[in-house]
Number of protein chains: 2
Amino acid sequence: MIRMTKLADYGIVILTHMSMERQGSLHTAHDLAARSRVPVPTASKLLKSLTRAGLVLSHRGRHGGYGLARDPDTISVAEIIAAIEGPIGLTECGTGTEGACDMESFCAAKGRWAPINQAIERALQDVPLSAMRPQTPTGQMVRLGGIAEVAP
Amino acid sequence: MIRMTKLADYGIVILTHMSMERQGSLHTAHDLAARSRVPVPTASKLLKSLTRAGLVLSHRGRHGGYGLARDPDTISVAEIIAAIEGPIGLTECGTGTEGACDMESFCAAKGRWAPINQAIERALQDVPLSAMRPQTPTGQMVRLGGIAEVAP
DNA sequence: CCTATCGGGACCTTTTCGGTCCTGTTAGGC
DNA sequence: GCCTAACAGGACCGAAAAGGTCCCGATAGG
C-alpha cells in the first residue's frame, strides 16, 4: 500500500488536537501526548520536527509549550507530512534529488512520475488542517471529556 | 516521504517494458528482468503477483512467458500498485479494514482521511500504463538497443 | 522422456520505523 | 539568584517490514 509513516499520522493527530484550542494557547508535549494517546517521547520528537519546519512555535521554560504558528486554515496536510517525512513523492524520481536512482539511465518510466507526484501533492495541499477536525454532519464540532469526538 | 515500495516501482517499469511490445507477445521473466535491470527472482516474484491480479497472463512450459492481459490504455497505475502493495491509502483508516487502528475510538482525525485517500487513488487511476512509456515531446516513442529511452 | 518455464513458498539480510533515553539549554517563580 | 519545568538535540536500540535469494513442484513443448 502507499503509506505514510505512523509518525506523520501521529503528527497530524497532534496538530488536530492543537487546532481545536484557542489559537496562541500553549500546550506541553506531555499534555498533547496524553490527549493524542501517543508516547510522550514520540510526541516530543514530532513537535521538534514541526517546530523546525515552522508549523508550531515553542516556548521554553516554565509554563512553556507548543502552539500553532498559523491559523489551521492555512496549514495544509501536505506541509505537515513534508515536515515529518520529507519531500512528498511516490518515487525518488522527480523529488529533485539527482542521482538518487541508479537505474536512471535505463529506466523506462523515467520522467513520467513528476506529473503523478504533483497530482498527489496537490491533493494534499488542498486539505487544510482545519478540515481534519472531527465535525458533525452540520459542520459543528463537539468535544467530549477533552478528547475530540464525532457526535453520535 | 510518502513512498510506494521499490517493488511497485519495479513492477511498473516491467509492465512499461511489456507495453512497448506487440500486444499478446510473450516474454520470459528472465528477459523482462534483464531489460528492466531488476534481479531475476525479484522480477519473477513481481510477475507472479501481477498474474494473480489478472494484469498479465502467463503461459507455462517451453516457450512460455508473460504477456499483458489487456490493452495498456486500460491498465491504470493504481491497479498495478494495488496488485503489488495492496489497497491504496495513506492510512489504514478508511481502507475498509475495521479495527486496524487501536486508537480509533479516540482519534481526532477519525473519518477525515477517506476523501484524501480517494483523491489520491483517483489521481493514480487517471494514469494509464500507456502514459508511462517514454515519449518524445511530440508523443513519439523511441527505442534504443532494446532499452526504452527518451529521445535526446 | 527431457527441459525450459511458471507457481508457490520458505528463508535470510538490510533498512528504516517507531520508540527510548540522556544530556544540555532556557526561562519563569519562589 | 537559585530551582525547576519545560523544550533542544542527539545517540541508541528493538522490531518490523522491505528487498532479495533459493528451492521444489507443476506444466507443457519438443
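All values below come from the heavy atoms of this structure, side chains included, with hydrogens, waters and symmetry mates left out. In what follows, chains carry the letters A, B, and so on, assigned in the order in which the sequence lines appear, proteins first and then strands, with residues in each chain numbered from 1. What you see is a predicted model, and the numbers here were worked out from it, not measured in a lab.
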Q. Can you check whether B:Ser44 has a side-chain N or O nearer than 4.0 Å to OP1 or OP2 of C:dG7?
A.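 It does not, given that no N or O in the side chain of B:Ser44 lies less than 4.0 Å from OP1 or OP2 of C:dG7.
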Counting heavy atoms from C-beta on, name the nucleotide in [options] closest to the side chain of [X].
X: B:Thr5; options: C:dC6, D:dA18, D:dC7; value: D:dA18
X: B:Arg52; options: D:dC7, C:dG8, C:dG7; value: C:dG8
X: A:Pro39; options: C:dT20, D:dT21, D:dC7; value: C:dT20
X: B:Tyr66; options: D:dG20, D:dG19, C:dC6; value: C:dC6
X: B:Ser58; options: C:dG7, D:dA6, C:dG19; value: C:dG7

(Q) In the structure I gave you, are the side-chain heavy atoms of A:Ile12 and B:Trp113 within less than 4.5 Å of one another anywhere? (A)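 A:Ile12 reaches B:Trp113 side chain to side chain.
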(Q) Return a single string for nucleotides 21-30 of chain C, one symbol per nucleotide in 5' to 3' order, where B is base contact, S is sugar-phosphate-only contact and - is none, cutoff 4.0 angstrom on heavy atoms. (A) ---BBBSBS-
Could you tell me how far apart [X] ([atom1]) and [N] ([atom2]) are, to the nearest whole angstrom?
X: A:Lys45; N: C:dC17; atom1: NZ; atom2: P; value: 10 Å
X: A:Lys6; N: D:dA15; atom1: NZ; atom2: P; value: 15 Å
X: B:Leu57; N: C:dT5; atom1: CG; atom2: P; value: 18 Å
X: B:Leu47; N: C:dG9; atom1: CG; atom2: P; value: 17 Å
X: B:Leu46; N: C:dG9; atom1: CG; atom2: P; value: 16 Å
X: A:Leu50; N: D:dC7; atom1: CG; atom2: P; value: 13 Å
X: B:His27; N: C:dC6; atom1: NE2; atom2: C1'; value: 15 Å
X: B:His30; N: C:dT5; atom1: NE2; atom2: C1'; value: 12 Å

(Q) Under a 4.0 Å threshold between the charged nitrogen and the carboxylate oxygen, would B:Glu21 count as salt-bridged to B:Arg35? (A) yes
Q: Return the set of residues passing side-chain contact (heavy atoms from CB on, under 4.5 Å) with A:Ala82 (not counting sequence neighbours), or none when no residue passes.
A: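 Applying side-chain contact (heavy atoms from CB on, under 4.5 Å) to A:Ala82 gives none.
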(Q) Filter on side chain to side chain donor-acceptor pair (under 3.5 Å), then keep only pairs touching residues 38-59 of chain A, sequence neighbours left out; what's left? (A) none
Q) Pairs in or reaching into residues 68-80 of chain B: which pass salt bridge (Lys or Arg N to Asp or Glu O under 4.0 Å), with residues at least two apart or in two chains? A)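 Passing the test, one end in residues 68-80 of chain B: B:Arg70-B:Glu79.
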Q. Hey, does A:His59 reach any base, or is it just sugar-phosphate, or nothing, if we go heavy atoms under 4.0 Å?
A. sugar-phosphate
Q: Only counting residues at least two apart or in another chain, list the ones meeting salt bridge (charged side-chain N to carboxylate O under 4.0 Å, His left out) with A:Asp126.
A: none
Q. Any donor and acceptor pair, going by atom type alone, linking the side chain of B:Glu85 with main-chain N or O of B:Thr5 inside 3.5 Å?
A.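 Answer holds: yes.
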(Q) I'd like to know if the side chain of A:Gln125 and the backbone of A:Val77 have a donor-acceptor N/O pair within less than 3.5 Å. (A)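 Looks like no, no N/O pair under 3.5 Å.
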Between protein and nucleotides 14-16 of chain C, what N or O pairs are separated by less than 3.5 Å?
none

Q) In Å and rounded to the nearest 0.5 Å, what is the CG to CG distance from A:Leu26 to A:Asp31? A)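 Rounded to the nearest 0.5 Å, the CG-CG separation comes out at 11.0 Å.
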Q: Please determine which of B:Gln23, B:Arg22, B:His27 meets the side chain to side chain donor-acceptor pair (under 3.5 Å) test together with B:Ser25.
A: B:His27
